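All remarks here apply to the structure that follows.
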Amino acid sequence: MRGRHKKSIKLIFLLILLIVASGLAIMFFLSGPKERIKVIEKREGKIQEPAQPERLKRQVILYFPSENDDWLHPEKREIAVGSPEIEAEEIIQELIAGSTQGYLSPLPPQAKIRQVFITRDGTAYVDFSRELVERHPSGSAAELVTIYAIVNSLMSNIPAIKQVFFLVEGAERETLSGHINLNKPFIAMPSLIAR
Amino acid sequence: MAKRRSLPSGFPLVKIILLSFIIISSFFLPSFSQTANLVQVKVEDKVDLSRVIIMANIPLEVFFNKFGSILEVRIKSEHPLRFRSSPIHSRLVRSLGWASTKQGNLLVIDCSLSDFQYESSIRRQPFQVEIKLKPASQEEKIILAKKSPDLKGDEKILSQAEAIGSSFKSIDPIEKATHKDDLSLPAAARRVKTIVLDPGHGGLETGAKGPRGTLEKDVNLAISLKLKEIIERRLALRVVLTRDQDIDISLENRAAVANNNRADLFISIHANGAFRPKARGSETYFLSLRASDEEARRLAYLENNSPEFEKKIEEESQDQIMMILWDMAQSAFLKQSSQLAEFIQTELNNLLETANRGVKQAPFKVLTGVACPAVLVEVAFISNPEEEEKLRDENFQWSVAQAIYQGIINYLRKLS
């Protein structure tokens, strides 16, 4: 009798343990995602807070080529205010992202801007990833469009830039695809802009 | 034993007979194919036109090219062609010339009028090309009508050595090139002795690519070779190509070819590529110096002292300093380069009927180091499907070469 009683107590104890353990397990799995969501919400809150006292934006004019003529066409954009280097990078990123008004892209979409560095005398060194060259359609007209869409967009919006020098993967390059000389800096060509 | 000995002694004899048979028959083979491919040319006069009829027993590819009073018919065939013509009694056709080279065959129809029009039609079987020649202007029609059939016009041109009394003459395009246009050039133009042509890109560097896959490098070379041929035939000038095959050549070496050959003119030939597929027409560029202040100063100095600068190049051509000078060599010749560009562009505008595109200035790498008047011609847009088709067409390539040639001649005529 005793032995049986002991056995049944043991069984009940085990059962309770099992129920508690499974209950804990269910609670753990169910509550897991909720907590994670909370953490993310908290983080987002933290990020937004310093931006709340309004990150300054300003309007810039970008230049895009068109399907129908040889001119560069202006298009307005808002970019975050920053140092000339950061603004220059953002302008180039917007050019790569392409037009919102149906103009053509002046750069291959795969190209990336690696860095912009502006020297004290106002030379902006703009360093692109190799896709700028590898994915470029080639041809004199296409090279001129790429170069002057960038140079005109940079120089008409950032007064600190007096001339633009192109780099690819951190190094000087002779040409984009065999035509226009990249060993020398460029200045804006307002005569290419549509009126 | 005896059998074994007889074999080696008999074998060489069989071998010799066989070999000699092969050798002898191989001598006859080309002549067999030659007799098979005969081109016959006939000239007939009608009331207001002359007809030139080319007949052949195999289909041929023909291309036309007009220079002043001459109509060239370029005939392509894999085998050599033999030429035969009946005596010519025509008011319009003065003589026929025939030349056969490895590149092809050339029939030269020399007309007694400088201003004539032609129409051609081709029949496949049997192969026959009919060319109708007509005077272009009303005045010439009258002059022609007054001429009696057996009298040949313009005696002064005929008096040249190349114009032989007989109606048929054989010419070699290279050795006995006519060099007719030399006579109309001023004395100053005779200082121009060497033209360097630069077919853009080559080798792994293909340049722009057409929607059908036509490569810029191939078109550039095809046009340059044609232009070289035209210049050499019409002018007593040396023409040097920076490349005559599909190979890589650096941009600096192209300028070096020009400078080492003492080029008097440099013409780089390209086909254009744009982002927008509709872009069309031709453009002629000369160098723009992107002006940092230092460069503007150098340019001002060079413009004021260009005669000295030219002399320096002659004297110190072997020097290391040359390489530094070459970097800005073109800046001394910008004015002449712009004039040459203007003359070439005018001709190309007429050809492609695109007056909206003109002479442009851009910092082309290949032009920077060239120490003579230098231009870069963008013949047409290979990125435009219509113009890509044109660029593939040999007839169009010949007309482009002819237009650029005319531009060069007009530039040389204005030299003083």
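In this text the structure is predicted, and so the values were computed from the model without any measurement. Each chain gets a letter, A, B and so on, in the order the sequences are listed, and its residues count up from 1.
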Counting only heavy atoms not in A/Gln110 (residues, nucleotides, ligands), do more than 12 fall under 6.0 Å from its CD? yes
Say you draw a straight line from NZ of B/Lys209 to OG of A/Ser177; how long is it, rounded to the nearest 0.5 Å? 13.5 Å
Shortest non-hydrogen contact from A/Phe186 to B/Pro363? CE2-CG, 3.9 Å
For A/Ala141, does its backbone N or O pair with a side-chain atom of B/Asn272 as donor and acceptor, under 3.5 Å? yes
Inspect the surroundings of CG in A/Leu14 and state if more than 12 heavy atoms from other residues, nucleotides or ligands are less than 6.0 Å away. yes
Step-by-step salt bridge (charged side-chain N to carboxylate O under 4.0 Å, His left out) determination, B/Arg276 to A/Asp70: CA-CA 9 Å; B/Arg276 64 186 195 99; A/Asp70 293 326; 3.0 Å; yes
Value rounded to 0.5 Å, distance of CD in B/Glu378 from NE2 in A/His179: 5.0 Å
For A/Arg130, does the CZ atom have more than 12 heavy-atom neighbours from other residues, nucleotides or ligands under 6.0 Å away? no
Heavy-atom pairs under 4.5 Å with chain A: which of B/Gly207, B/Ser268, B/Ala362, B/Ala208 has the most? B/Ala208
Among B/Lys360, B/Glu283, B/Lys278, which has the most heavy-atom pairs under 4.5 Å with chain A? B/Lys278
Between A/Glu67, A/Lys162, A/Glu143, which residue shows the highest count of heavy-atom pairs closer than 4.5 Å to chain B? A/Glu67
Let me confirm one number: the OG-CZ distance from A/Ser66 to B/Phe275, rounded to the nearest 0.5 Å. 13.0 Å
Return the option, out of A/Val145, A/Asn68, A/Thr175, with the maximum number of heavy-atom pairs under 4.5 Å with chain B. A/Asn68
Are A/Ile180 and B/Phe364 close enough that some pair of their side-chain heavy atoms sits under 4.5 Å apart? yes
Name the region of A/Thr123, side chain, backbone, both or neither, that has any atom closer than 4.5 Å to a heavy atom of chain B. neither
Hey, could you give me the CD/CE distance between B/Gln361 and A/Met189, rounded to the nearest 0.5 Å? 8.5 Å
Largest heavy-atom contact set with chain A, pairs under 4.5 Å, which of B/Ala274, B/Pro277, B/Ala279, B/Gly200: B/Ala274
